[in-house]
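Taking it in order: structure first as structure tokens, then the write-up.
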There are 2 protein chains.
Amino acid sequence: MARKTKSVDIAFRKHDHGRCQRQLLSEARQLCEARKLRLTSRRRQVLEILLASHQPMGAYDILAELNRANPAARIAPPIVYRALDFLMSEGLIHRIESRNAFISCVHPGHQCTAQFLICRDCEQVAELEGRDPALLVEADNLGFAVDHSVVEITGICAQCQKHAG
Amino acid sequence: MARKTKSVDIAFRKHDHGRCQRQLLSEARQLCEARKLRLTSRRRQVLEILLASHQPMGAYDILAELNRANPAARIAPPIVYRALDFLMSEGLIHRIESRNAFISCVHPGHQCTAQFLICRDCEQVAELEGRDPALLVEADNLGFAVDHSVVEITGICAQCQKHAG
DNA sequence: GGCCATTGTGTTATATTATAACGTAACTGA
DNA sequence: TCAGTTACGTTATAATATAACACAATGGCC
Ligand SMILES: [Zn+2]
Ligand SMILES: [Zn+2]
Ligand SMILES: [Zn+2]
Ligand SMILES: [Zn+2]
């Protein structure tokens with residue numbers, strides 16, 4: 001099997017993130033159009049805030065950003081959580097359970113099982129594709145019907161190891 | 001490789017849980033003695049509350065149990081969280097990140113990477129042993145130094161599928 | 001266009017989960 | 001018994017998330 005690192009480690013490599021951002025937003029638009037869903041302006045705002053980086057953000061950080069962008073409005077938590085629920089349900093963002101945080105998906109619509117490498121130094125998160133075969137076989141042996149999986153690996157990314165070493 | 005299901009699916013099978021409980025408490029005692037650690041009465045109380053079932057419990061549920069057992073005391077959250085931190089640091093319990101809950105470890109001291117199957121119907125949690133080779137290879141390719149992993153699979157266990165079907 | 005059903009938004013209040021900060025008690029080793 | 005350390009207790013508060021309800025926008029239908 002050839003090694004695929006194309007979209008795997010984007011967060012940990014230098015890349016044209018402006019392009020990356022526009023690309024992902026455009027994919028989100030297309031995906032919603034195809035599914036007859038409304039990517040409303042609030043939802044788009046929240047998505048754009050998450051697309052601004054490959055780092056996870058807490059709901060209240062997103063809330064603060066929203067309120068900075070709309071100084072007149074005084075937006076409250078439920079608005080953010082509802083937008084996040086929508087974006088998660090469509091696979092446009094993911095929740096990082098071990099951080100109570102949210103992050104934009106780097107391959108929206110793939111319906112893959114998301115897996116994350118989380119650097120506890122630089123706080124960047126890389127999203128990997130694929131499933132864990134061994135674990136699913138084991139689940140199968142137990143007659144367990146898988147629904148959703150959370151795979152989050154914490155450690156130190158290559159970049160931060162260099163800086164420290 | 002032979003299939004090992006010995007301790008893998010204990011939470012999803014009938015077993016003598018009284019015995020299971022006593023066994024795990026005894027292992028915890030031995031482990032703390034070996035490591036010159038103090039399994040104080042508070043810590044033991046919290047562990048025993050978690051050992052009472054193979055279901056995850058929230059910190060405040062544990063707190064309520066503690067206060068039920070000690071009606072005179074009025075125990076406060078930090079006491080519970082400190083006991084939980086101790087028990088986690090020694091691998092006697094695990095945190096279920098996707099539930100903000102805690103569960104007793106079924107093979108304390110193994111230093112394994114814990115992996116969980118979580119039934120969203122009966123709420124039981126089975127702890128599997130082992131690591132995900134594919135994912136770790138990928139982490140390695142990226143020069144990522146793994147520290148800690150969270151693997152939580154949600155779905156419906158065999159038992160609950162039967163009841164529903 | 002007017003109507004209805006549905007979906008999305010805004011608002012207030014509150015629930016749930018977790019920690020900071022600080023003082024006291026218990027244990028440990030000399 | 002004393003000092004150093006670890007664990008416990010207490011108060012207050014931070015951080016995360018949701019309930020409940022009113023109103024607005026949208027979309028299909030006539
Ligand atoms: Zn990018
Ligand atoms: Zn994704
Ligand atoms: Zn048992
Ligand atoms: Zn374990």
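Within every chain, numbering begins at 1; the chains are lettered A, B, ... in the order of the sequence lines, protein sequences first and strands thereafter. Only this structure's heavy atoms are used, side chains among them; waters, hydrogens and symmetry mates stay out.
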Return the polar atom pairs (N/O with N/O) between nucleotides 17-21 of chain C and the protein under 3.5 Å, or none.
from, atom 1, to, atom 2, distance (Å)
C:dA18, OP1, B:R95, NH1, 2.9
C:dA18, OP1, B:R95, NH2, 2.6
C:dA18, OP2, B:Y81, OH, 3.0
C:dA18, O5', B:Y81, OH, 3.4
C:dA18, N7, B:Y60, OH, 2.6
C:dA18, N6, B:Y60, OH, 3.2

Output a table of nitrogen or oxygen pairs between the protein and nucleotides 27-30 of chain C separated by less than 3.5 Å.
none

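Residues passing the salt bridge (Lys or Arg N to Asp or Glu O under 4.0 Å) test with A:E123 are A:R99, sequence neighbours excluded. Scanning for side-chain contact (heavy atoms from CB on, under 4.5 Å) contacts around A:A73 gives A:N70, A:I75, with sequence neighbours left out. Residues forming a salt bridge (Lys or Arg N to Asp or Glu O under 4.0 Å) with B:E97 (at least two apart in sequence, or on another chain): B:R95.
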Output side-chain donor-acceptor pairs under 3.5 Å for residues 18-32 of chain B, partner residues at least two apart or in another chain, one line each.
from, atom 1, to, atom 2, distance (Å)
B:R22, NH1, B:G18, O, 3.4
B:Q23, NE2, B:E27, OE2, 2.7
B:S26, OG, B:Q30, OE1, 3.3

Return a table of donor-acceptor pairs under 3.5 angstrom between the side chains of residues 36-46 of chain B and protein atoms on other chains or two or more places apart.
from, atom 1, to, atom 2, distance (Å)
B:T40, OG1, B:R43, N, 3.4
B:R43, NH1, B:R38, O, 2.7
B:R44, NH1, B:E48, OE1, 3.4

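Screening residues 67-88 of chain B for salt bridge (charged side-chain N to carboxylate O under 4.0 Å, His left out) gives B:E65-B:R68 as the qualifying pairs, with residues at least two apart or on separate chains. Residue pairs meeting the ring-ring contact (aromatic ring centres under 6.0 Å, His included) criterion with at least one partner in residues 42-71 of chain A, sequence neighbours excluded, are A:H15-A:H54, A:H17-A:H54. For the ring-ring contact (aromatic ring centres under 6.0 Å, His included) condition, no pair includes a residue of residues 24-46 of chain B, sequence neighbours left out.
Fit an axis to the five pairs at each end of the helix from C:dG1-D:dC30 to C:dA30-D:dT1 and the two axes sit 30° apart, to the nearest 10 degrees.
Clustering of Ile, Leu, Val, Met, Phe, Trp and Tyr side chains at separations under 4.5 Å places A:V150 together with B:V150.
Contact between the side-chain N/O atoms of A:T40 and the OP1/OP2 oxygens of D:dA25 is not found at any separation under 4.0 Å.
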